[in-house]
Protein chains: 2
Amino acid sequence: MNIGEIAEQTGLPAKTIRYYEDIGLVTPQRGANGYRVFRETDAHKLTFLGRARALGFSIEQCRELLALWEDRSRASADVRAVALGHLDDIDKKISALAAMRDTLAELVQKCAGDDRPDCPILKGLEGP
Amino acid sequence: MNIGEIAEQTGLPAKTIRYYEDIGLVTPQRGANGYRVFRETDAHKLTFLGRARALGFSIEQCRELLALWEDRSRASADVRAVALGHLDDIDKKISALAAMRDTLAELVQKCAGDDRPDCPILKGLEGP
DNA sequence: ATAAGGGTTCCAGTCACAGGAAGGTCAAGG
DNA sequence: CCTTGACCTTCCTGTGACTGGAACCCTTAT
C-alpha cells in the first residue's frame, strides 16, 4: 500500500505518517521507485497511534504504549500506569480550564455588553 | 523600573516581558545604558496581560483586549464578544478532554493492572 | 507527448515562550 | 583602582506535533 491509501484507511494525513516515520514510530519498507510500502502491521500500528493520539497521549507515551503493545510478555500494570498518568494529566487540564471558565463566565455575566464603555471584564483583568 | 523589578511586581518572567516587547504588546522606554525603563502604565499593561493570559486568552486576543482597554470610547459589547468567543473555545476544549477522560477511564477500569499481559487498554487502542 | 495525480525530499512556520551563550553595566567592598 | 557579583543586553536555538509549500520524480491514461 502507498501512503495515500494508508492515509485514507487510517484517517491520518500523509504528512503525519511521514512524520511518524521520521521520528521512528513506523518503519515502512520502500519500493523500487522509492515510494513507501506499507503492510498490514504498519496499518495496525498507525491505527493504534491514531487512537492513542485521539485520546491525548503524547508522542512519547505513544511510543511507550506501542512498545508495550508489541511486547507479548508485558505486564498490564505497565500499560495501566501510563494510562493512569495520562488520566491525571487530563484531569489537571480540565480543572485548570474549568477554573478559567468559571472566572471568565462570572465576568461575562457582569458585563452589560452594550455600546457603553463601562466593562467589568476589563476591570476584572486590571486587578483584583 | 528595570525589567527585574517589573518582573517581580507582575509575576511575569523577564523573558516573557522581553518577548511581549518584541511582538509589540508593550513599548518600554530605554535608559542611557540601553536598559528598558518601565513606567506605571507599562506595569498596568503587563498586569493586564498576565491576567488575560492566565484566563487562557491567546496573545492575539490579548492584543485585542488591550486595544479595547485603552480605547475609552469602546463598547463593552466588543469586549464581551471576545470573552464569549474564548468562553466557547474553553467549553469545547473541556468537552473534548472530558470525552477523552471518559473513554480512557473506562479502559483503565477494565484493566486488571497486574503482571499478566492481557490488557483491555491496548485492545481498546487496537480497534473499535 | 503530455497532463493529471500520485509520490519524494527539504525548508519554513506555527504558539508562546524557555534556555543559554557572549558580552555590557552598575553598586559595593577591598 | 580593581574586582566581584548581580543585573542587564542581544541573538540563536529548541520545544510538540505537526502543516504548508516548493521543487522535483513516477505512473497511468489519453
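To find a chain, count down the sequence lines: A is the first, B the second, and so on, and within it residues start at 1. Computed from heavy atoms alone, side chains included, the values below leave out hydrogens, waters and symmetry copies. Values in this document were obtained by computation on a predicted structure and should not be read as measured data.
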Tell me the interatomic distance from [X], atom [atom1], to [N], atom [atom2], rounded to whole angstroms.
{"X": "B/Q61", "N": "C/dC15", "atom1": "CD", "atom2": "C1'", "answer": "13 Å"}
{"X": "B/I59", "N": "C/dA18", "atom1": "CD1", "atom2": "P", "answer": "11 Å"}
{"X": "A/I17", "N": "C/dG6", "atom1": "CD1", "atom2": "P", "answer": "15 Å"}
{"X": "A/E8", "N": "C/dG5", "atom1": "CD", "atom2": "P", "answer": "15 Å"}
{"X": "A/I6", "N": "C/dT8", "atom1": "CD1", "atom2": "P", "answer": "12 Å"}
{"X": "B/D22", "N": "C/dA18", "atom1": "CG", "atom2": "P", "answer": "14 Å"}
{"X": "B/E21", "N": "C/dA16", "atom1": "CD", "atom2": "C1'", "answer": "16 Å"}
{"X": "A/I23", "N": "D/dG16", "atom1": "CD1", "atom2": "P", "answer": "10 Å"}

Taking the side chain as every heavy atom from C-beta outward, state whether A/M1 and A/R36 have any pair of such atoms under 4.5 Å apart.
no
Do the side chains of A/I3 and A/F38 get nearer than 4.5 Å, heavy atoms only?
yes
So does A/D118 pair up with A/R116, basic N to acidic O under 4.0 Å?
no
Got a salt bridge between A/R30 and A/E21, using NZ or NE/NH1/NH2 to carboxylate O under 4.0 Å?
yes
Does a sphere of radius 6.0 Å around CD in A/E70 hold more than 12 heavy atoms from other residues, nucleotides or ligands, not counting ones at 6.0 Å or beyond?
yes
Mark up nucleotides 3-9 of chain D, 5' to 3', with B wherever a protein heavy atom is under 4.0 angstrom from a base atom, S wherever such an atom reaches only the sugar-phosphate, and - elsewhere.
----BSB
Classify the ring geometry between A/H86 and A/F57 as parallel (under 30°), tilted (30 to 60°) or perpendicular (over 60°).
tilted
Quick one: is D/dT19 close enough that its OP1 or OP2 comes under 4.0 Å of any side-chain N or O from A/T16?
yes
Distance check: side-chain N/O of B/Y20 vs OP1/OP2 of C/dC17, anything under 4.0 Å?
yes
Has B/S76 got a side-chain atom pairing as donor or acceptor with A/C119's backbone, closer than 3.5 angstrom?
no
Picking from C/dC10, D/dC18, C/dA18, the nucleotide nearest the side-chain atoms of A/K15 would be C/dC10
Nearest-neighbour nucleotide for the B/R53 side chain, D/dC18, D/dG21, C/dC17 considered
C/dC17
Whichever of B/E60 and B/A32 has the more 5' nearest nucleotide on DNA chain C, that residue is B/E60
